[in-house]
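Right, one structure below, let's go through it.
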Amino acid sequence: MFDFHDLVTPGTVLADISAGTRKALFGIIAAAAEPMSGVPAKLVAEMLADREKLGSTAFGGGTAIPHVRIDTIDRVHGMFLRLHRPIDYAAVDDLPVDLVFALFSPPGAGGDHLKALARVSRALRDTAFRAKLRGAGSSDALYALLSGVEARDAA
């Protein structure tokens with residue numbers, strides 16, 4: 001179905017995260033991104049917040065794709081979080097967000113960045129896939145869905 005094995009690892013797929021606000025969510029994302037990027041969490045959180053000021057990265061159906069460019073990485077990386085409780089995110093449909101797929105790209109990865117955004121957006125627009133993500137019982141189950149393990153096992 002959908003395969004993001006090139007973007008996520010078991011350690012970057014997190015289930016039932018508690019974040020009451022976007023600011024808190026960005027802090028959680030930034031702390032998890034610090035080891036991958038080598039950039040202090042506080043700076044990554046500020047970068048995410050600054051990007052959000054340009055326009056909400058929530059696009060409906062309870063989903064958001066916050067994304068930033070980080071000059072210390074060499075390829076596009078992703079992180080998926082399913083929130084324990086949805087949060088207000090200023091989405092276009094005014095629905096709170098509980099499914100978040102963060103993307104981190106190097107400055108020179110324009111095409112790869114746009115392709116990753118399009119792939120993630122397509123997946124999160126799929127109602128059945130969102131339902132599977134919401135119904136997954138653990139981070140491991142989420143990783144299996146996101147990395148295409150489910151599709152490969154069925155083949």
Side-chain angles (χ1 to χ4, degrees), residues 2-107 109 112-113 116-126 129-147 149:
F2 297 104
D3 186 351
F4 300 106
H5 77 277
D6 57 322
L7 297 176
V8 298
T9 65
T12 62
V13 176
L14 309 171
D16 301 322
I17 299 301
S18 293
T21 64
R22 273 190 288 184
K23 183 177 180 178
L25 173 64
F26 292 162
I28 293 166
I29 292 170
E34 185 173 0
M36 170 268 302
S37 69
V39 176
K42 182 178 180 184
L43 181 57
V44 175
E46 289 172 4
M47 294 166 69
L48 288 163
D50 287 346
R51 166 56 191 88
E52 208 65 27
K53 290 175 187 172
L54 300 175
S56 179
T57 57
F59 62 89
T63 61
I65 310 173
H67 51 279
V68 294
R69 297 190 187 268
I70 298 178
D71 61 8
T72 58
I73 59 175
D74 61 355
R75 66 174 183 83
V76 179
H77 293 268
M79 179 182 304
F80 181 82
L81 301 93
R82 184 182 66 202
L83 304 182
H84 179 67
R85 286 196 173 88
I87 61 171
D88 178 42
Y89 206 103
V92 295
D93 61 0
D94 291 324
L95 291 177
V97 165
D98 65 336
L99 301 176
V100 179
F101 201 125
L103 290 173
F104 308 93
S105 302
D112 289 342
H113 176 78
L117 273 172
R119 285 173 50 209
V120 171
S121 174
R122 197 172 317 118
L124 293 181
R125 279 182 164 73
D126 185 293
F129 188 62
R130 286 195 317 258
K132 286 182 179 184
L133 292 171
R134 288 184 174 116
S138 66
S139 294
D140 289 341
L142 283 168
Y143 178 73
L145 286 169
L146 291 163
S147 66
V149 169

Requested in this report: Locate the shortest heavy-atom distance separating P66 from L48; write the atom from each residue and the value.
Outcome: CB-CD2, 4.0 Å
Query raised in the report: Can you find a pair of side-chain heavy atoms, one from L146 and one from F2, that are under 4.5 Å apart?
Result: no
Query raised in the report: Is the shortest side-chain N to carboxylate O distance from R134 to D98 below 4.0 Å?
Result: yes
Atom pairs and distances, side-chain donor-acceptor, residues 23-42, under 3.5 Å, sequence neighbours left out:
residue, atom, partner, partner atom, Å
E34, OE1, A41, N, 3.4
S37, OG, A33, O, 3.1
S37, OG, V39, N, 3.0

Requested in this report: Would you check if the side chain of D93 reaches a backbone N or O of G61 as a donor-acceptor pair within less than 3.5 Å?
Outcome: yes
Report task. Might you point out which heavy atoms bring A116 and L7 nearest each other, and give the distance in Å? Result -> CB-CD1, 4.3 Å
What side-chain donor-acceptor pairs closer than 3.5 Å can you find for residues 12-19, not counting sequence neighbours?
residue, atom, partner, partner atom, Å
T12, OG1, T9, N, 2.8
T12, OG1, T9, O, 3.1
T12, OG1, T9, OG1, 3.4
T12, OG1, G78, O, 3.4
D16, OD1, R82, NH2, 3.3
D16, OD2, R82, NH2, 3.4

Query raised in the report: ring pair (Phe, Tyr, Trp, His ring centres under 6.0 Å): which pairs involve residues 50-82, sequence neighbours left out?
Result: H67-H113
**Report entry** Student check: side-chain heavy atoms of D112 and S105 closer than 4.5 Å
**Finding:** no
Query raised in the report: For the residue pair S56 and R22, what are the closest heavy atoms and their distance?
Result: OG-NH1, 4.5 Å
Query raised in the report: Closest heavy-atom contact between I70 and P107?
Result: O-CD, 3.6 Å
**Report entry** Between CG on residue D50 and NZ on residue K53, distance to nearest 0.5 Å
**Finding:** 5.0 Å
Query raised in the report: Does the R75 side chain pair with the main chain of A109, one donor and one acceptor, at a distance under 3.5 Å?
Result: no
Report task. Can you see which heavy atom on T63 is nearest to which on R130, and at what distance? Result -> CG2-CD, 3.5 Å
Report summary line: Sorted by chain and number, sequence neighbours left out, side-chain hydrogen bond (donor to acceptor under 3.5 Å, both in side chains) with R122 holds for none
Query - Residue pair P96 / D88: nearest heavy atoms and the distance that separates them - result: CB-N, 4.3 Å
Query raised in the report: Looking at residues at least two apart in the chain, or sitting in another chain, which of them share a ring pair (Phe, Tyr, Trp, His ring centres under 6.0 Å) with Y89?
Result: none
Report summary line: Residues passing the salt bridge (Lys or Arg N to Asp or Glu O under 4.0 Å) test with R85, sequence neighbours excluded, are none
Report task. Please examine the side chains of L133 and L142, heavy atoms only from C-beta on, and report whether any two atoms are closer than 4.5 Å. Result -> yes
Report summary line: d(F101 CZ, L117 CG) to nearest 0.5 Å is 10.0 Å
